[in-house]
Protein chains: 2
Amino acid sequence: MIIVGELINASRKAIGTAIENQDAEAIKGIAQAQHENGAHYIDVNAGIFIGEESRYIQWLIKCVQEAVKAPCCIDSPDPAVIEAALAVHRGPAMVNSISLEKKRYDALRSVVAGTDLKVIALCMSDAGMPETADARLKIADKLVNGLIQNNVAVENIFVDPLVQSVSTHPDCGMEFLKAVAGIMTAFKGIHTICGLSNISYGLPHRALLNRTFMGMAIARGLDGAIVDPLNTSLMAAVYAAEALCGRDDFCGNYLAAYRAKKRGP
Amino acid sequence: MIIVGELINASRKAIGTAIENQDAEAIKGIAQAQHENGAHYIDVNAGIFIGEESRYIQWLIKCVQEAVKAPCCIDSPDPAVIEAALAVHRGPAMVNSISLEKKRYDALRSVVAGTDLKVIALCMSDAGMPETADARLKIADKLVNGLIQNNVAVENIFVDPLVQSVSTHPDCGMEFLKAVAGIMTAFKGIHTICGLSNISYGLPHRALLNRTFMGMAIARGLDGAIVDPLNTSLMAAVYAAEALCGRDDFCGNYLAAYRAKKRGP
């Protein structure tokens, strides 16, 4: 499972404050904690700072890369911000994200073309969020083929089929799961990823819904997640799910997590 | 989700002792607790009492039916015991279980033929436990068609694809899940059921593995489970999974369980 640690996001109060105060030690500490707890990529997002987003995301990347060896996941809908971030990032970053929205696609296509960047590709078009698995697959097909034609290796593409809340869209859980299975079957070597917490929006005990859905998605082939790696009960569900799906040789990662007391409640 | 409460099993020490002491109040209390916590059927098993199994299972059924309105799930591999149990059970019971093992199949076929009994059909033949989803589907096909030809309604059949432990059979989780999906697709109106705790045999923190696997199986269509309904974290996973899969209108059961504090840790 490829884990993207989501905590360094300016919309979280502690991070917004750390950015404003240019408190590098705070950012470094959170980067290290996430990396030690299983994050392969460290998401960086400075989206709340309008007009300053490029400058601040560059600073976040410098902090993170001084603290850990993991690459960053550059989280912005703005192609100019992504380009500014890539200008200072050492090694191949993950770009979060491209979509089939024409303006965003056209601007980012040339940035990622022919590179070894990892690219998160959202199943979103100018027609809005897709409702069904089929609609997601149609967007994924266009996006993935477009990226491949632009010399992005299929192994570097992470499709996010996008979840909505089951409280308002009762079928969206199953449609998402079918989309994950369909994408993993259609494109050999591709990855799927999601930030799944939207699934539980508007319902109580969201952590229970999120970790249950994580297991379901892993069972359909999901192999990436944008999560809080310090959330032990969610990470425990990830380790358990991979063991249950035969994706953990001799249950080794599960047993190691158990011994390290990272198994959650 | 159709829940079979598994607690009244003589192999559990408290139950074995209650049977030996003919402590009807103890049995009734456990039947009531399971029913109040969501069990639609109350499993009764007196299998450890060799030579006395029929007499004791009849006593268990009388106790349970004096205590709750839910029918029993008659749990024995012995056709003679099942017949003895059915002789005293009021209303249509669930029979646990028939299989494709020739001796067991031939003896039980005539017992269930043309009745409105619910029948658990294990994906087991004289060749032993199947390893792959395909092998499970082949057995299920023979069993289900055999039962239908004997005038058992498809809606009364609960196929158990059988889980093994992922610690010794790393692929068995995925093969089980594929079998559930295949059975639910192949036979419209059928049910699938399992006692899933074998999946975690030999591994630590079994409760985590069991509840994670429960969610995965529900996402593939599982609609029955033989479980401890007093296990709040497992039942919470059931309610969460049904809401996530669009099988809980307006998330009503999930919200009710949450309000009743049956949501687990």
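- Residues of residues 173-188 of chain A lying under 4.5 angstrom from chain B, judged on non-hydrogen atoms, are A:G173, A:M174, A:L177 in numerical order.
- Nearest heavy atom pair, residue A:I3 against residue A:G38, reads CB-O, 3.4 Å.
- Although no hydrogens or angles enter the test, the distance criterion places a donor-acceptor pair under 3.5 Å between the side chain of A:Q34 and the main chain of A:E6.
- The parts of A:C245 that come within reach of chain B are both its backbone and its side chain, each placing non-hydrogen atoms under 4.5 angstrom from that chain.
- At a threshold of 4.5 Å between non-hydrogen side-chain atoms, the residues B:I139 and B:P130 count as touching.
- Comparing A:C251, A:G215, A:P204, A:G246 by how many heavy-atom pairs each has under 4.5 Å with chain B, the most go to A:P204.
- Residue pairs that meet the salt bridge (Lys or Arg N to Asp or Glu O under 4.0 Å) test with at least one member in residues 233-256 of chain B, sequence neighbours left out, are B:E242-B:R247.
- Interface summary for chain B: among A:T212, A:L244, A:L255, the most heavy-atom pairs under 4.5 angstrom belong to A:L244.
- Looking at A:R104 and A:S97, their side chains do bring a donor and an acceptor atom within 3.5 Å of each other.
- Below 30°, between 30° and 60°, or above 60°: for B:H191 and B:F158 the angle between ring planes is below 30°, a parallel geometry.
- Donor-acceptor pairing under 3.5 Å is lacking for the side chains of B:N198 and B:S165.
- At least one donor-acceptor pair under 3.5 Å links the side chain of A:T132 to the backbone N or O of A:A135.
- Ranked by non-hydrogen atom pairs under 4.5 Å with chain B, the options A:A217, A:A243, A:P170, A:A240 are led by A:A240.
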